[in-house]
Amino acid sequence: MSREILIMFFRTVVLYSSVLFMMRLMGKREVGQLSLFDLVVAIMIAELAAIPMEDTSKPLINGLLPIATLVLMEITLSFITLKSRRAQAIIEGTPSIIVERGRIIEAEMRRLRYAVDDLISQLRQQGIHNLEDVEYAILETNGKLSVILKSDRRPVTPRDIGLNPGYEGLPMPLVVDGELQTENLARADKTVQWLEQGLIKEANCTINETIYAVLDTNGKLYVYKKGETKKTPTGVEKN
């Protein structure tokens, strides 16, 4: 392997690790939730990282310094938008109502250059096939459509029929791919000994032999043993 290839490999690893770290600093957002500013920063970071990766004659700092500057600017503006709604409106924009009380706001759609076909398409993606079912439709700053259905078109909830179901909570994965999830075990107020006894009693397996074990909201432990597809509820109730 030539020296130039080794240098390129090393630079790629360094740049990848640095960009990944800096992107983590920008916060946890899905691609579809990125604001316009976030998207611009992400594109620029990709371009800046590619330059020193392809041209080994350029020092790595020539790519890392601009990337770090962009990330610092993004973090700074994020804090500003948290403190100032006016700054947030200028930087990220504001949501736009395009359907109000069941009526399409044509002027707003023209201003946004948002076609009726786009509206219908995004409604279909949310399982809404009739425009007449929509009371309000709001185009968020990230391009996602939020929809409020008319009161007589919404799914029935337990509250609508006078029911008051109890608190369900959150299922707790206790073993994932043979690894004990200690934080979840502590959150569920259970011990390792309790878990081991439950696994042996009902599934005849150890933690290492378990691909997935979850404590459901009713206090039952469901076990997926490695090499098997059938889940086993132990029926062990929560304390």
Side-chain angles (χ1 to χ4, degrees), residues 6 9-35 38-39 41-42 45-46 49 64 67-68 71-72 74-75 78-79 82 125-128 140 142 144 146-147 154-239:
L6 286 174
F9 173 78
F10 172 75
R11 292 165 70 93
T12 302
V13 171
V14 172
L15 283 166
Y16 172 78
S17 303
S18 302
V19 170
L20 182 62
F21 173 73
M22 292 180 189
M23 293 296 286
R24 286 295 302 273
L25 289 178
M26 289 173 59
K28 298 181 178 179
R29 291 193 184 185
E30 296 179 3
V31 174
Q33 295 177 335
L34 293 178
S35 66
D38 294 329
L39 183 60
V41 169
I45 286 176
L64 294 176
I67 291 173
V71 172
L72 180 61
E74 201 279 340
I75 293 174
S78 294
F79 278 113
L82 283 175
Q125 292 174 19
Q126 299 188 38
I128 303 170
E140 305 293 351
N142 58 10
K144 186 176 181 180
S146 298
V147 180
R154 299 172 194 165
V156 177
T157 65
R159 184 176 181 179
D160 292 333
I161 56 178
L163 298 180
N164 185 24
Y167 174 72
E168 289 187 355
L170 183 69
M172 292 288 179
L174 303 181
V175 180
V176 178
D177 199 15
E179 294 187 4
L180 178 65
Q181 307 299 301
T182 54
E183 292 185 4
N184 288 346
L185 192 67
R187 191 177 289 114
D189 196 24
K190 298 296 181 181
T191 64
V192 177
Q193 291 75 18
W194 174 89
L195 176 60
E196 290 176 338
Q197 289 173 4
L199 295 177
I200 293 173
K201 179 180 178 181
E202 300 297 334
N204 193 27
C205 64
T206 64
I207 292 176
N208 292 333
E209 296 171 338
T210 304
I211 191 170
Y212 187 65
V214 59
L215 187 68
D216 74 359
T217 57
N218 294 318
K220 292 184 178 181
L221 183 66
Y222 287 82
V223 182
Y224 295 80
K225 186 177 179 180
K226 290 183 179 180
E228 297 181 0
T229 58
K230 184 179 179 180
K231 61 179 181 294
T232 305
T234 66
V236 179
E237 301 293 334
K238 290 180 68 176
N239 293 332

Query raised in the report: Between Val214 and Pro171, what is the shortest heavy-atom contact and its length?
Result: CG2-CB, 3.9 Å
Report task. For residues Lys225 and Asn204, report the shortest heavy-atom separation together with the two atoms involved. Result -> NZ-O, 3.4 Å
Please list every donor-acceptor pair under 3.5 Å in which a side-chain atom of residues 178-187 meets a protein atom from a residue at least two apart or in another chain.
{"from": "Gln181", "atom 1": "NE2", "to": "Glu179", "atom 2": "O", "distance (Å)": "3.1"}
{"from": "Asn184", "atom 1": "OD1", "to": "Arg187", "atom 2": "NH1", "distance (Å)": "2.8"}
{"from": "Asn184", "atom 1": "ND2", "to": "Pro173", "atom 2": "O", "distance (Å)": "2.8"}

Query raised in the report: Do you know which two heavy atoms are closest between Glu74 and Val41, and how far apart they sit?
Result: CG-CG2, 4.2 Å
Requested in this report: Please report the C-alpha distance between Trp194 and Thr191 in whole Å, then the side-chain angles of each, then the deciding distance to 0.1 Å, and finally whether the side-chain contact (heavy atoms from CB on, under 4.5 Å) criterion is met.
Outcome: CA-CA 5 Å; Trp194 174 89; Thr191 64; 3.4 Å; yes
Query raised in the report: Is the backbone N or O of Asn218 less than 3.5 Å from a side-chain atom of Asp216, with the two atoms forming a donor-acceptor pair by type?
Result: yes
Query raised in the report: Which is it for Leu221 and Leu195 under the side-chain contact (heavy atoms from CB on, under 4.5 Å) test, yes or no, and what are the steps along the way?
Result: CA-CA 9 Å; Leu221 183 66; Leu195 176 60; 3.9 Å; yes
Report task. Work out which heavy atom in Leu64 is nearest to a heavy atom in Met22; give both atom names and the distance. Result -> O-CE, 4.1 Å
Query - Donor-acceptor contact present, side-chain Thr210 to main-chain Ala213, <3.5 Å - result: no
Requested in this report: Begin with the C-alpha distance, continue with both residues' side-chain angles, and end with the deciding distance and a verdict on side-chain contact (heavy atoms from CB on, under 4.5 Å) for Val176 and Tyr212.
Outcome: CA-CA 5 Å; Val176 178; Tyr212 187 65; 4.2 Å; yes
Query raised in the report: To the nearest 0.5 Å, how far apart are OG1 in Thr157 and CZ in Arg154?
Result: 10.0 Å
Query raised in the report: Can you check whether Glu196's main-chain N or O pairs, donor with acceptor, with Lys201's side chain at less than 3.5 Å?
Result: no
**Report entry** The single option from Leu174, Ile207, Thr206 passing side-chain contact (heavy atoms from CB on, under 4.5 Å) against Leu199
**Finding:** Ile207
Query raised in the report: Where do Pro155 and Asp160 come nearest, in terms of heavy atoms and distance?
Result: O-OD2, 4.0 Å
Query raised in the report: Cys205 and Val223: which non-hydrogen atoms are nearest, and at how many Å?
Result: SG-CG1, 4.0 Å
